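Written out below as structure tokens is the structure these notes cover.
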Amino acid sequence: MSSDNTSDGSFRQRVFQVVAAIPPGRVATYGTVARLAGSPRAARQVGGVLCRLPEGSLLPWHRVINRHGLISLTGDDALRQHTLLQAEGITAGLATPIDLQHCGWSGD
DNA sequence: ACCGTGACCCCAT
DNA sequence: TATGGGGCCACGG
């Protein structure tokens, strides 16, 4: 019921659902996640939500990168994300940009 | 209800 | 080619 599918509640919950839908071996940019979440201009907020993720979350947050195909985190967190991406078959993102044309996911 | 914050993105110098 | 500043939107205190 609804003319819109925005019946989930908070934007944060929506980001969880979108990120959880990213297939293994693929990555999505913050802008893409924001767009699929219903707010194409809220790319920044997507990072804010992931930053506040609980430690036990099964959400594949590591599959979310910036529009340059690089990891936006810094320090140990960046290395942690890079390691998780390696486990997905992606050996780039830390210093070498990920090929978004090959690994990029747009909600298919 | 107001202000500050931020894992972004875009443009100008 | 690198660096800086501004705009955007949602969330916490």
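No experiment lies behind these values; they were computed from the predicted model shown. The chains referred to below are lettered A, B, ... by the order of the sequence lines, with proteins before strands, and numbering in each begins at 1. Side chains included, hydrogens not; waters and symmetry mates left out as well; all remaining heavy atoms used.
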Among residues at least two apart in sequence or on other chains, which ones pass side chain to side chain contact (heavy atoms under 4.5 Å, CB included) with [X]?
X: A:Glu88; value: A:Pro24, A:His62, A:Arg63
X: A:Ala42; value: A:Phe11, A:Ser39, A:Gln45
X: A:Ser57; value: A:Phe16, A:Leu53, A:Pro54, A:Leu59

Requested in this report: For DNA chain C, note the earliest and the latest nucleotide, 5' to 3', having some atom under 4.0 Å of a heavy atom belonging to chain A.
Outcome: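 It runs C:dG7 to C:dG12.
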According to the side chain to side chain donor-acceptor pair (under 3.5 Å) rule, which pairs have a member within [range], sequence neighbours left out?
range: residues 21-34 of chain A; value: A:Thr29-A:Thr32
range: residues 64-78 of chain A; value: A:Asn66-A:Ser72, A:Asp77-A:Arg80
range: residues 97-108 of chain A; value: none

Which atom of [X] lies closest to which atom of [Y], heavy atoms considered:
X: A:Ala95; Y: A:Leu70; result: O-CD2, 3.9 Å
X: A:Ile71; Y: A:Ala78; result: CD1-O, 3.6 Å
X: A:Pro60; Y: A:Val19; result: CG-O, 3.4 Å

Query raised in the report: Can A:Val27 and A:Ile22 be said to form a side chain to side chain contact (heavy atoms under 4.5 Å, CB included), step by step?
Result: CA-CA 7 Å; A:Val27 292; A:Ile22 303 174; 5.8 Å; no
Query raised in the report: Atom CG in A:Leu85, atom CG in A:Leu94: separation rounded to 0.5 Å?
Result: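 CG of A:Leu94 is found 9.5 Å from CG of A:Leu85.
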**Report entry** Atom pair CD1/NE2 of A:Ile65 and A:His82 - distance to nearest 0.5 Å
**Finding:**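 Output value for this atom pair is 11.5 Å.
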Query raised in the report: Sub-3.5 Å donor-acceptor pair from the side chain of A:Thr83 to the main-chain atoms of A:Leu79, do we have one?
Result: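 A pair under 3.5 Å: yes.
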Query - Those residues of residues 34-41 of chain A lying under 4.0 Å from DNA chain B by at least one heavy atom - result: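 Hits under 4.0 Å, by residue number: none.
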Requested in this report: List in numerical order all residues of residues 82-106 of chain A for which some heavy atom is under 4.0 Å away from an atom belonging to DNA chain B.
Outcome: none
Query - Secondary structure of DNA chain B in dot-bracket form (Watson-Crick or G-U wobble, distances below 3.5 Å, | marking inter-strand pairs) - result: .|||||.||||||
What does the list of N/O pairs under 3.5 Å between the protein and nucleotides 4-7 of chain B look like, with a distance for each?
residue : atom : partner : partner atom : Å
B:dG6   : N2   : A:Gln45 : OE1          : 2.0
B:dA7   : N7   : A:Cys51 : N            : 3.2
B:dA7   : N6   : A:Leu50 : O            : 2.8
B:dA7   : N3   : A:Tyr30 : OH           : 3.0

